[in-house]
Amino acid sequence: MLLKDKKALIFGVANHKSIAYGIAEEFKKNGASVAFSYVGEALKKRVAPISEELGGDFIFDCDVTNDGQISSSVDIVKEKWGRVDILVHSVAFAHRDDLQGRFIDTSRDGFKLALDVSAYSLTALCHAFEPLFSSGSSVMTLTYYGAQKTVTNYNVMGVAKAALEASVRYLAMDLGPNGVRVNAISAGPIKTLAASGISGFKTILSTIEEKAPLRRNVTQTDVGKSAVFLASDLSSGTTGEVLFVDSGYNTVGV
Ligand code: NAD
Ligand code: 0WE
């Protein structure tokens, strides 16, 4: 029970395949209390039963591009829990059109949207929830290899993830003096809603099976178990870090 008595706030569950769902499952197994955000009424209908199933304490509406909704969320969490020990940011979005073709064709609006939802939102959440953090609190986000190397079609999301990974380092520097750690998990490709309809995704999955040291793709449970490590005292000396949970793919050269 590595997370006994810990309060974990989870942004980014959409359905049972979400990486955040796998993280929440492992958190519950380790004794944490969890609460979930959703975006709008349509997703509330999906997230409410998932929260019931996992024994979530409460759910709350939070579009991370909306400062008003972020501050209402802080009020709700303050009233329900009074503190946050673990914050999971598992949120990303870009226009579908920007995840194909040439990166050079990305519009100003497409760039702004991807960076706002997928990168700035982590800073916005850390800023808003800072008063509820205390020494030992742990923040984590989800990133991807395409931040560090070009991945065909990942395009503006790669730029957003690069900004996200740099944000992790600066947030770790700002929150570190108070004993709050901030890290990223760089997950290998997983077939979730956010991966559906991506052209070439199957090829990416088979490339991992062929070339990664572990010769298999990672699962939401693999990511969830590493999230428990980052959330717990086992990682007390680690902050500003990107932890790859990718079957070792990123370490392979020729
Ligand atoms: P998912 O579709 O299940 O999760 C994405 C979540 O983002 C959804 O719950 C959605 O509601 C939320 N979201 C989108 N816009 C939002 C907004 N404005 N406000 C609040 N929430 C918003 O897909 P997933 O694969 O579980 O993605 C979770 C994270 O993992 C993302 O950051 C993604 O980039 C990252 N990631 C995914 C993979 C993969 O292959 N699936 C690999 C590495 C990293
Ligand atoms: O971060 C991601 C997915 C992010 C994502 C996915 C979508 C699809 C639906 C962001 N926005 C949208 N918008 C939509 O309308 N991943 C790491 C998964 C992923 O996405 C890719 C990948 C991989 C891997 C896109 C192109 C190439 C590879």
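Atoms within each ligand, like the ligands themselves, are counted from 1 in listed order.
Residues Phe133 and Val77 are members of one and the same hydrophobic cluster, defined by side-chain heavy-atom contacts under 4.5 angstrom among Ile, Leu, Val, Met, Phe, Trp and Tyr. Criterion: ILVMFWY side-chain heavy atoms under 4.5 Å apart, direct or through other members. Under it, Val182 and Tyr120 are not part of a common hydrophobic cluster.
Nearest protein neighbour of atom 21 (N) of ligand 1, counting heavy atoms only, is Val39 CG2, 3.4 Å. Looking at atom 1 (P) of ligand 1, its nearest protein heavy atom turns out to be Ser18 OG, 3.9 Å. The single protein non-hydrogen atom nearest to atom 11 (O) of ligand 1 is Leu43 CD1, 3.6 Å, given as residue, atom name and distance. With hydrogens left out, the protein atom closest to atom 4 (O) of ligand 1 is Gly12 O, 3.6 Å, a heavy atom. For atom 22 (C) of ligand 1, the nearest non-hydrogen atom of the protein is Val91 CG1, 3.4 Å. Shortest contact from atom 40 (O) of ligand 1 to any protein heavy atom: Ile190 N, 2.8 Å. With hydrogens left out, the protein atom closest to atom 2 (O) of ligand 1 is Ala194 N, 3.3 Å, a heavy atom. In terms of protein heavy-atom proximity, atom 10 (C) of ligand 1 is nearest to Ala14 CB, 4.7 Å.
When only modelled atom types and interatomic distance are considered, Thr65 and Asp63 share a side-chain donor-acceptor pair under 3.5 Å. Judged purely by distance below 3.5 Å, without hydrogens or angles, the side chains of Thr238 and Arg181 never pair a donor atom with an acceptor atom. Looking at Glu53 and His16, their side chains do bring a donor and an acceptor atom within 3.5 Å of each other.
Closest to atom 43 (C) of ligand 1 by heavy atom, among Thr192, Ile204, Thr143, is Thr143. Nearest-heavy-atom check against atom 5 (C) of ligand 1 across Ala187, Ala160, Gly146, Ser90 picks out Ser90. Between Asp63, Leu113, Ile23, it is Asp63 that holds the heavy atom closest to atom 17 (C) of ligand 1.
Within the 4.0 angstrom cut-off, atom 14 (C) of ligand 1 has one or more protein heavy-atom neighbours.
Listed by number with element, the atoms of ligand 1 under 4.0 angstrom from any heavy atom of Cys62 are 19 (N), 20 (C). Each of the following atoms of ligand 1 lies closer than 4.0 Å to a heavy atom of Leu193: 2 (O). Near Pro189, meaning under 4.0 Å from one of its heavy atoms, ligand 1 places the atoms 40 (O). Every atom of ligand 1 is numbered from 1 in the order shown, and the set under 4.0 Å from a heavy atom of Val13 is 9 (O).
Within the 4.5 Å cutoff, no side-chain heavy atoms of Val168 are placed close to those of Glu165. Under the 4.5 Å side-chain criterion, counting only non-hydrogen atoms from C-beta, Glu130 is in contact with Asn178. Contact annotation: the side chain of Thr251 approaches that of Pro213 to within less than 4.5 Å [non-hydrogen atoms, C-beta and beyond]. At a threshold of 4.5 Å between non-hydrogen side-chain atoms, the residues Asn155 and Asp98 do not count as touching. Arg216 has its side chain within reach of Asp222: a pair of non-hydrogen atoms, C-beta onward, lies under 4.5 Å apart.
Without hydrogens or angle criteria, Thr219 side chain to Thr221 main chain gives a donor-acceptor distance under 3.5 Å. Judged by distance alone, the side chain of Glu241 and the main-chain N or O of Asn183 form no donor-acceptor pair under 3.5 Å.
In terms of N/O distances under 3.5 Å, ligand 1 is not approached by Asn15. Between Val64 and ligand 1, at least one pair of N/O atoms sits closer than 3.5 Å.
Using a 4.0 Å cut-off between heavy atoms, Ile19 contacts ligand 1 through both its backbone and its side chain. Contacts with ligand 1 closer than 4.0 Å are made by no heavy atom of Ser121, backbone or side chain. Of the heavy atoms in His89, none comes closer than 4.0 Å to ligand 1.
The side chain to side chain contact (heavy atoms under 4.5 Å, CB included) test with Tyr154 singles out one residue from Val156, Val151, Thr150, and that residue is Val151. Considering Lys6, Lys78, Lys7 as possible partners of Arg83, the one that fulfils the side chain to side chain contact (heavy atoms under 4.5 Å, CB included) test is Lys7.
Not a single heavy atom of Ser186 sits less than 4.0 Å from an atom of ligand 1. A heavy-atom separation below 4.0 Å is found between Gly188 and ligand 1. The closest approach between a heavy atom of Gln220 and any atom of ligand 1 is not below 4.0 Å.
A ring-centre distance under 6.0 Å is not found for His89 and Phe11.
Between Phe103 and Phe111, the ring planes are tilted. Angles from 30° to 60° get that label. His95 and Phe93 have perpendicular rings, their planes meeting at more than 60° on a 0 to 90° scale where under 30° would count as parallel.
Shortest non-hydrogen contact noted between Ser37 and Val47 is O-CG1, 4.1 Å.
For ligand 2, residues of the protein lying within 4.0 angstrom by heavy-atom distance are Phe93, Ala94, Arg96, Leu99, Tyr144, Thr152, Asn153, Tyr154, Ala194, Ile198, Phe201, Ile204.
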